[in-house]
Amino acid sequence: MQLLSNVAADRPKLFMGLAGLLSLVMILLVAVPSLAPGKVPFLQPLHIDTDPENMLAPGEPVRVFHNDMKKTFTLNDMIVVGVVDKTDENGVFNPATLRNIYALTRAAEKIRWTDPETGQTAGVLAVDLLAPSTVDNIEQAGLGAVRFEWLMSAPPKTPEAALAVAEKAAKLPFLNGTLVSEDRKAIALYIPITSKNISYKVARELEETIASFGPTREEYHITGMPVAQDTFGVEMFKQMAVSAPMAMVLIFLLMWFFFRSVKFIISPMIVAMVSVIFTMGMLIGTGHTVHIMSSMIPVFIMPIAVLDAVHILSDFFDRYPLMKNRRKTLDHVMEELSRPMLFTSLTTTAGFASLAFTPIPPVQTFGIFIALGVVVAYLFTITLVPAYI
């Protein structure tokens, strides 16, 4: 490894140029098929998956059983909108609140669109939506007769009519305590959707409808497992887009505090950037999906990538004032640190690579590519840092 460092120090422009070219190639391998799908069939576009269910393999027995039961009972993922009014003495059963609930239900029924990938209709399954205006009120209509009508066929215009809706719901065990709370302070709207990966989009449209009501005394809470999962996935990637650059800035500031020389600490930053680009490029280029776990790879790679570089720079700073020659100092430093850096990199690689034996596919991918990133970071460190110096 010291021989490789010597070659890099002898041909610094070549090695720095190769690192830049390799980074550019990796960026193009990801960008071209992602921005122009199908144009380059042998390249893999970027695939993002935020579904926590895919933490398990498709053939995992518990997952297969879960999906079979959903099909057997025709169950759909569901968004729940809770409406709470604690200010009115009659709770949510006042004309203003029920009018907004009615409008929200009608708006929810219209949230449908054609999926451009499958060509099928996606969105809210209006036929199964549970709300005061879409459920039946069942009453006796005389001797031997039963009357079916909508619980709230239209928004009530008077407080008496609003209370009548509450009284009807209280008589139905299916609705009392589920659609309507026993204390009449809350109503829940159960909104089934075609698939859980659209829940974030549906929830945003519901929020826009609620915002159009203006200031209201009732409160709206959008919840449900699909919303929690999909929102987590979307926000996770937003946080990664912020946290990865912030991690790089923090590393830069810490090294500047230690060495007080921007020129020197640029080299570890180059190593970190090239390592991240290469690792993520290989991940996407080989057809692996970027899962929630995979999105955290850059944040792991960056601090690991600068570790060996910090050792080199620290030792170089200590010895250069005595030796007064960059090349001699560098040769001494690399001779002293080559074996320790190799062993620490190998043990770190082995630790992350061991995750390949877990039964969770995204964790396997995470461990394998972190291990790859550590190896790549080590190789870039022992070549680019000496070349830069």
Side-chain angles (χ1 to χ4, degrees), residues 1-13 15-20 22-23 240 243-280 296-353 367 369-389:
M1 292 304 176
Q2 187 178 354
L3 177 61
L4 187 59
S5 300
N6 291 336
V7 174
D10 290 335
R11 298 174 178 83
K13 291 183 179 180
F15 276 79
M16 297 300 287
L18 288 175
L22 179 62
S23 299
M240 287 297 104
S243 60
M246 289 299 294
M248 184 68 81
V249 171
L250 179 59
I251 292 170
F252 179 87
L253 293 175
L254 282 172
M255 287 197 295
W256 180 84
F257 176 77
F258 293 143
F259 301 111
R260 302 300 175 113
S261 174
V262 174
K263 287 193 297 182
F264 270 88
I265 63 178
I266 285 176
S267 58
M269 294 289 98
I270 293 174
V271 171
M273 287 292 292
V274 175
S275 300
V276 169
I277 291 171
F278 182 87
T279 305
M280 294 305 292
M296 295 186 287
I297 288 177
V299 179
F300 277 77
I301 291 293
M302 281 187 290
I304 294 173
V306 303
L307 293 179
D308 289 337
V310 168
H311 288 304
I312 295 173
L313 292 177
S314 179
D315 206 3
F316 186 88
F317 263 72
D318 290 340
R319 299 187 182 278
Y320 181 73
L322 302 175
M323 305 184 75
K324 301 294 184 180
N325 183 290
R326 287 189 193 179
R327 185 55 192 267
K328 289 182 179 180
T329 305
L330 189 59
D331 289 344
H332 181 83
V333 168
M334 296 308 297
E335 182 181 359
E336 187 177 61
L337 296 180
S338 288
R339 288 170 63 87
M341 289 193 303
L342 175 62
F343 293 155
T344 55
S345 296
L346 288 177
T347 52
T348 305
T349 300
F352 281 106
F369 281 92
I370 288 285
L372 173 65
V374 173
V375 172
V376 169
Y378 171 73
L379 294 175
F380 282 137
T381 299
I382 64 173
T383 54
L384 297 186
V385 174
Y388 185 87
I389 292 176

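Only heavy atoms go into these numbers, but all of them, side chains included; no hydrogens, no water, no symmetry mates. All residue numbers in this chain count up from 1 along the given sequence.
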message = If the condition is ring-ring contact (aromatic ring centres under 6.0 Å, His included), which residues does F259 pass it with, not counting sequence neighbours?
response = F317
Where S345 and V374 come nearest, the two heavy atoms and their spacing = O-CG1, 3.6 Å
inquiry  = To check you understand the geometry: which heavy-atom pair defines the closest contact between V306 and P268, and what is its length?
reply    = CG1-O, 3.7 Å
query = Does the R260 side chain pair with the main chain of F257, one donor and one acceptor, at a distance under 3.5 Å?
reply = yes
task = Evaluate the side-chain proximity of M16 to I270: yes if any heavy-atom separation is below 4.5 Å, no if none is.
result = yes
note = Residues passing the salt bridge (charged side-chain N to carboxylate O under 4.0 Å, His left out) test with R11, sequence neighbours excluded, are none
ask   = To the nearest 0.5 Å, what is the distance between CE (M280) and OG (S275)?
value = 13.0 Å
query = D318: what forms a salt bridge (charged side-chain N to carboxylate O under 4.0 Å, His left out) with it, not counting sequence neighbours?
reply = none
query = Does T383 use its side chain to pair, donor to acceptor, with the backbone of F380 at less than 3.5 Å?
reply = yes
message = Contact between M341 and L307 at the side-chain level, heavy atoms closer than 4.5 Å - yes or no?
response = no
note = The side-chain contact (heavy atoms from CB on, under 4.5 Å) partners of M273 (sequence neighbours excluded) come to M248
key: S5 side chain vs I382 backbone, donor-acceptor pair below 3.5 Å   = yes
ask   = Does a side-chain heavy-atom distance below 4.5 Å link H311 with T344?
value = no
query = Quick one: does R326's side chain have a donor or acceptor within less than 3.5 Å of a partner on I389's backbone?
reply = yes
inquiry  = Less than 4.5 Å apart, side chain to side chain, heavy atoms only: is that true for I304 and F352?
reply    = yes
remark   = Nearest heavy-atom contact between P12 and A9 is CD-O, 3.4 Å
key: Audit row: D331, N6, side chain to side chain contact (heavy atoms under 4.5 Å, CB included) steps and yes/no   = CA-CA 7 Å; D331 289 344; N6 291 336; 3.3 Å; yes
ring-ring contact (aromatic ring centres under 6.0 Å, His included) partners of F369, counting only residues at least two apart = H288
message = What I'd like to find out is whether the side chain of D10 reaches to under 4.5 Å of the side chain of R327, using heavy atoms alone.
response = yes
request  = Would you name the heavy atoms of T279 and G373 that are closest together and state the gap between them?
outcome  = OG1-CA, 3.2 Å
inquiry  = For the NE2 atom of H332 and the CG atom of N325, what is their distance to the nearest 0.5 Å?
reply    = 13.0 Å
key: Close side-chain approach of L384 to S267, heavy-atom, < 4.5 Å   = no
message = Please enumerate all residues that pass ring-ring contact (aromatic ring centres under 6.0 Å, His included) together with Y388, with sequence neighbours excluded.
response = none
